[in-house]
Visitor: 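First the structure, which I've put down as structure tokens, then a few questions once you've had a look.
Because only heavy atoms are used, hydrogens play no part in the values below, and waters and symmetry mates are left out as well, while side chains stay in. Every chain is numbered from 1 and lettered A, B, ... according to where its sequence line falls, protein lines coming before strand lines.
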Amino acid sequence: MSSPAPAPSTHFIHNIILDDLKSGRAETVVTRFPPEPNGYLHIGHAKSICLNFGIVQEFGGKCFMRFDDTNPLKEDEEYEQSILEDVRWLGFDWEERLTHASDYFEQLYGYAEELIQQGKAYVDSLSAEEIRGQRGTLTEPGEDSPYRDRSMEENLTLFQRMRAGEFAEGEQVLRAKIEMVSPNLNLRDPVLYRIRKVSHQRTGTAWCLYPLYDFTHGLSDALEGVTHSLCTLEFEDHRPLYNWILDQLETPARPRQYEFSRLNLQHTVLSKRKLIQLVEEKRVAGWDDPRMPTISGLRRRGYPPEAIRRFCERIGISKAANNIDMGVLENCVREDLDPKVPRAMVVLRPLKLTITNWPEGHTEELDAPRHPKRPELGRRTVPLSKTVYIEQEDFSEEPPQGFQRLVPGGEVRLRNAYVVRCDEVVRDGSGNIVELRGTYDPDTAKGKKPEGRKVKGIIHWVSASRALPVEVRLYDRLFTAPNPGADQPEGNFLQDLNPDSREVLPQAWAEAGLAGTESGTRFQFERLGYFMTDPVDSCPEHPVFNRIVTLRDSWGGKNR
RNA sequence: UGGGGUGUAGCCAAGUGGUAAGGCAGCGGGUUUUGAUCCCGUGAUUCGCAGGUUCGAUCCCUGCCACCCCAGCCA
């Protein structure tokens, strides 16, 4: 059902796992994909999903699908469903391993008490501002809180009272007791717990204090038996804290964190903040707008999951900053779809061509393959009659050098049909070309070459009498600049929005056989690109096609 | 000017004290009823820069440069 899987790459994380397995440091591989349920997944997440789930498939291990839901203020149940749908759609299965950090709140609380008992954590009664004021800066050390040396008993009592709801939000926090002078800011007595008197999407009102990421993550990993905790580079600074916490506590397993660089894709944006801005300011039609780099956007556009996996394989895993060309992703789509999808002829911008020597009222049913290289995909018939639509851009009165299409007096083959010659250009009162009139060579059926002439060009067409009206939506990159905002005042990425990223053609003409196309069906419209019926707006009675990607075009003279 | 990272071809990315994989793009050619696909060929005297060690350095050492991340009771 899917194209041959690309060879798994041997990046540094792969090698680490291989070594750990070989040396016996780990018996199996256990990973996790840990999104916060506060937004939609995008192609950058796909890189992490493919890494975490993929590496485990290779070594026969397990991957947990774990929601990092420690901040009830920002998170919402509705995001969980979309995230699960996206991961599933990408082709991965967490089986029974769907977990939440909130599943461990009770155990986490216990670990926190343990830390207090060891004198490694204390309750701080400073305000958030005061704590910030004492944290120091990148170049100056921080100072100790006046509450840093409270007794273990007092800390324990205070922490228990925090849990009991005796304090207001922000009144107390639990902090790790590490060192305020560390050059690593994450080690300057980081906050472990804060009070939030809000209901949590899963635990309801059971808690009024919630653990922070640094305290939660490593312990959740340990509780799940995660062996390799893979995250992006910005957490590298957190690794000493990750290790510190696990070093203090007795846990069922000892996971290790490894970091890799996040994906950057040219001509789009992948930061949550910017994506939200696009949606909220209605620069796009929503999270699943086909121009969005979100999984839901790509899915709606028509990208197959196999193509996204292929892409993730192709770009590799490393620690170097990267800036990948959209063309790499697009090419993965072409590679995946080319051998799979049936061909069809659709004319986007019609120009009428009347075949003067064609018998009036006659229609011929031409036989054509659904796929040029895969006969097992079957055949189709395409009707041809006296008037056909051809693509406006396939005709030129003043052709540029190398133009291989129709010109006045010139010949071209109608794909799957006959060779035609253009005899006459018909104009309206304002001089616009409204019709072409020409003749066909009856002796050129089934690919037969015309006598003594070379016809290089082949163009697609649709018989006017049986043409099916369809809506076609052409999508292009969302931003004109490779790094949106990079060259704009204040980095305003919206300035680089591509005004032509979406073009709707309410009435294009498709070959008759496309009538009744079900939602979610993909085709290659010959010479134009890959298309899929829009999952939301298309129906068999009124097909709406999204352009997934154009065909490669080695002829420079065309718009894409 | 603290700490943590990264720098190998246009874009990704392996690699090792022994003379620079692979992919994508590009370019040239072939096949072709899609200017598609497919096939063949093609690029680094050089691995951010400068020194040093060595018979030999992209790899080890020293210094420098550039870029990214960190001062949430976000993740």
Visitor: Mapping A:Thr139 and A:Glu526 to their closest nucleotides on RNA chain B, which lands nearer the 5' end?
Guide: A:Thr139
Visitor: Within this structure, what is the CG-to-P distance between A:Asn184 and B:G4, rounded to whole angstrom?
Guide: 9 Å
Visitor: Measure NE2/A:His238 against C1'/B:G72 and give the value in whole Å, please.
Guide: 10 Å
Visitor: Roughly, in whole Å, what's the span from CG in A:Leu187 to C1' in B:C70?
Guide: 12 Å
Visitor: How close or far is atom P of B:A25 from atom CD1 of A:Ile315, stated in whole angstroms?
Guide: 15 Å
Visitor: Base, sugar-phosphate alone, or nothing: which one does A:Arg239 contact when heavy atoms must sit under 4.0 Å apart?
Guide: nothing
Visitor: Which nucleotide in the list B:C12, B:A71, B:A75 gets nearest to the side chain of A:Asn322?
Guide: B:C12
Visitor: I'd like to know if A:Glu335 pairs up with A:Arg314 as an ion pair, taking the criterion as any Lys NZ or Arg NE/NH1/NH2 lying under 4.0 Å from an Asp or Glu carboxylate oxygen.
Guide: yes
Visitor: I need the NE2-C1' distance between A:His371 and B:U37, as an integer number of Å.
Guide: 8 Å
Visitor: Would you mind reporting whether A:Val191 and A:Leu174 have side-chain heavy atoms less than 4.5 Å apart?
Guide: no
Visitor: Would you call A:Glu391 and A:Arg527 a salt bridge, using N to O less than 4.0 angstrom?
Guide: no
Visitor: Within the modelled atom types, does a donor on one side and an acceptor on the other bring the side chain of A:Lys373 and the base of B:U37 under 3.5 Å apart?
Guide: yes
Visitor: Atom CG of A:Asp338 to atom P of B:A36: distance rounded to whole Å?
Guide: 12 Å
Visitor: List the residues meeting side-chain hydrogen bond (donor to acceptor under 3.5 Å, both in side chains) with A:Arg202, not counting sequence neighbours, and say none if there are none.
Guide: A:His100
Visitor: Please evaluate the base of B:G35 for a donor-acceptor partner in the side chain of A:Arg405 within a cut-off of under 3.5 Å?
Guide: yes
Visitor: Measure from the ring centre of A:Tyr213 to the centre of the six-membered ring in the base of B:A75, then say whether that distance is under 5.5 Å and the planes meet at under 30°.
Guide: no
Visitor: Considering only nitrogen or oxygen atoms on both sides, find all protein atoms under 3.5 Å from nucleotides 30-33 of chain B and state each distance.
Guide:
{"from": "B:U33", "atom 1": "O3'", "to": "A:Arg415", "atom 2": "NH1", "distance (Å)": "3.1"}
{"from": "B:U33", "atom 1": "O2'", "to": "A:Arg415", "atom 2": "NH1", "distance (Å)": "2.3"}
{"from": "B:U33", "atom 1": "O2", "to": "A:Asn416", "atom 2": "N", "distance (Å)": "2.8"}
{"from": "B:U33", "atom 1": "O4", "to": "A:Lys446", "atom 2": "N", "distance (Å)": "3.3"}
{"from": "B:U33", "atom 1": "O4", "to": "A:Gly447", "atom 2": "N", "distance (Å)": "2.3"}

Visitor: Going by atom types only, do A:Tyr242 and A:Asp221 share a side-chain donor-acceptor pair under 3.5 Å?
Guide: yes
Visitor: Provide, to the nearest angstrom, the distance between the CE atom belonging to A:Met180 and the P atom belonging to B:G3.
Guide: 18 Å
Visitor: RNA chain B in dot-bracket, Watson-Crick or G-U pairs under 3.5 Å, [ ] crossing, | other strand?
Guide: .((((((..(((.....[...))).(((((.......))))).....(((((..]....))))))))))).....
Visitor: Out of B:C24, B:G2, B:C74, which nucleotide sits closest to the side chain of A:Asn331?
Guide: B:C24
Visitor: Would A:Asp441 and A:Arg421 count as a salt bridge (Lys or Arg N to Asp or Glu O under 4.0 Å) here? Give the steps.
Guide: CA-CA 8 Å; A:Asp441 182 344; A:Arg421 186 180 65 229; over 6 Å; no
